[in-house]
Amino acid sequence: MENLLKSFEELKRRNLKIDLTRGKPHSEQLDLSNALMTQAVEPIGENGIDLRNYGEPVGIIEARKLGAEILDSNVNLTIAGEQSSYLLMTQLLLGRYLFGLNDNPWKDEEEPAFLCAVPGFDRHFATLEGLNIKMHTVDLCSSGVNIEDLRDKLSKYPNIKGFICVPRHSNPSGEVFSDENIIDLLKITKAHDPNFINLFDHAYLIHDFDETQTQTPIPVLADSLGALDNVAVFTSFSKVTFGGGGMAFLTTGEKNFKLIEKVRNMMVICPDKINQRRHVNFLKNKVNIIEHMKKHADLIKPKFDLVDKKLSYLPNEIGEYTKPTGGYFVTFYAKRPIAKRIVALSSEAGLMLTPAGSTYPYGNDPNDSVLRIAPTYINLDELDIAMDIFVLAAQIAHSQSL
Ligand SMILES: Cc1ncc(COP(=O)(O)O)c(C=O)c1O
């Protein structure tokens, strides 16, 4: 312990300031899309509309086609939105909350609730909480949702309206859901309630480091089960081109589509069609996008390898960690309830981590054990020091807890 503390004090003296909190792209990744900044756009779109004017609240047709190609969805049921997938998700939730799918808005219900896959994404929890939707957790397992836990929670809690998860390179724990798992999830939830909505946040749909993890597209699986209105699948170009400056996509069934169209007509007279067209010109098609994403992977993968190498120094009795095949995060599972302590110690040495608990609804990690590491935003040198701090903090926190 003495040696650990001595090394830690040395790191503290360096007055470091390193940010590992959010899954943001590094500026080198943003540079991959710089051509977007200077591209001239012809004013008339594919179907003759003037891109400079109002209109097309569900997106220009060429952008919707691109979204449908990526999502493997029906173009008529695919929205190309602006800015972020998060906006589309909130618009759909608002529609269900205010108007409902069959004139049965959640706002009129006793205590509408959602199931949330854990560990999960803090911003999902914030939105649901903001709408006063009660949240219950469902555990993840290596193949996706823990189906036993799902059944248990559906029978245990009343008024569950939907489920939210990240089905590929899950944020933060990296799972890639198997087809069987998704099929089970859809069958069980639809049988529970024909209006049940599964929100699949495909933020990392095309963000692979290796391409071995195949997955049948969710719209295809849902269609084959007659469950298109039981899913809403989202993705965006926020981590393909520019954060908040890309395009976002949603596909769902006809009823949900009409609902979100209604909400968008209330608040978005038109998306940024010039930016949509610019993205279509730049990214062209799915094959080209996959090539573009390989360049991202080349920049990101060494960072994940470094995190893996550093965390491998920690003995198993202190904690275990994930080895994702894509996405933006590594998850560390401490064996003892020391996550908050690791964050506090790291902060003393100038390393900012996502707050402990943030991967659970209401910030409540029952075991105080899960930490999310987001290695993409900083460069390799900084990451090297950051992980030294993390490893030391974990060792110290573990020893102190004994
Ligand atoms: C699971 C997940 N969904 C959504 C987002 C944000 O995507 P967008 O910018 O399209 O809202 C992120 C970004 O960190 C994410 O991890």
Side-chain angles (χ1 to χ4, degrees), residues 19-26 29-30 33 59 63 66-67 70-71 78-94 114 116-128 130 135 140 144-145 163-177 198-208 215 218 232-251 260 264 268 271-272 275-276 279 283 289 293 296 300 303-304 322 324 326-331 353-355 358-361 370-378:
D19 184 357
L20 272 193
T21 55
R22 309 280 343 161
K24 292 197 284 192
H26 187 272
Q29 291 177 257
L30 303 175
S33 302
L66 187 60
I70 298 165
L71 290 166
T78 304
I79 293 177
E82 54 290 311
Q83 227 263 334
S84 81
S85 59
Y86 211 60
L87 194 59
L88 288 173
M89 187 181 289
T90 308
Q91 286 167 350
L92 179 60
L93 283 169
L94 267 182
F114 246 67
C116 305
V118 288
F121 181 38
D122 50 359
R123 294 200 202 275
H124 288 164
F125 308 145
T127 302
L128 291 169
M135 292 174 280
L140 288 170
V145 183
F163 175 66
I164 190 161
C165 64
V166 182
R168 187 171 183 83
H169 309 308
S170 182
N171 174 352
S173 43
E175 293 82 2
V176 176
F177 293 19
N198 287 285
L199 302 180
F200 290 106
D201 182 348
H202 248 330
Y204 304 107
L205 176 64
I206 47 178
H207 302 61
D208 300 340
Q215 197 178 44
I218 292 172
V233 188
F234 304 84
T235 194
S236 84
F237 287 155
S238 285
K239 285 171 181 151
V240 176
T241 59
F242 303 140
M247 244 202 294
F249 304 101
L250 156 65
T251 188
I260 190 167
R264 286 180 63 79
V268 186
D272 181 348
N275 194 40
Q276 292 199 342
H279 272 78
L283 293 169
I289 292 173
M293 293 314 291
H296 278 278
I300 288 175
K303 297 183 180 177
F304 280 81
T322 55
Y328 265 62
F329 305 101
V330 173
T331 297
L353 293 170
T354 319
S358 60
T359 59
Y360 281 77
V370 181
L371 286 175
R372 183 179 91 163
I373 297 169
T376 51
Y377 184 51
I378 56 179

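Counting starts at 1 for both ligands and their atoms, in listed order. Residue numbers count from 1 along this sequence.
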Would you please indicate if the ring centroids of F125 and Y360 are separated by under 6.0 Å?
-> no

Okay, side chain of T359, backbone of G120: is any donor-acceptor separation there less than 3.5 Å?
-> no

Extract all N/O-N/O pairs under 3.5 Å that connect ligand 1 to the protein, and present each with both atom names and the distance rounded to 0.1 Å.
residue, atom, partner, partner atom, Å
ligand 1, 3 (N), D201, OD1, 3.3
ligand 1, 3 (N), D201, OD2, 2.5
ligand 1, 9 (O), S238, OG, 2.7
ligand 1, 10 (O), S85, N, 2.8
ligand 1, 10 (O), S85, OG, 2.8
ligand 1, 10 (O), S236, OG, 2.6
ligand 1, 10 (O), S238, OG, 3.3
ligand 1, 11 (O), S84, OG, 3.4
ligand 1, 11 (O), S85, N, 3.4
ligand 1, 11 (O), S85, OG, 3.4
ligand 1, 11 (O), Y86, N, 3.1
ligand 1, 14 (O), Y204, OH, 3.4
ligand 1, 14 (O), K239, NZ, 2.7
ligand 1, 16 (O), N171, ND2, 2.8
ligand 1, 16 (O), Y204, OH, 2.5

OG/S85 to NZ/K239 distance, rounded to the nearest 0.5 angstrom?
-> 9.0 Å

Could you pull out the closest heavy-atom pair between T331 and T322, with the gap in Å?
-> N-OG1, 2.8 Å

If you look at every heavy atom in H207 and H169, which pair is closest and at what distance?
-> O-CD2, 3.5 Å

Mind checking whether H279 and F237 have parallel, tilted or perpendicular rings, split at 30° and 60°?
-> parallel

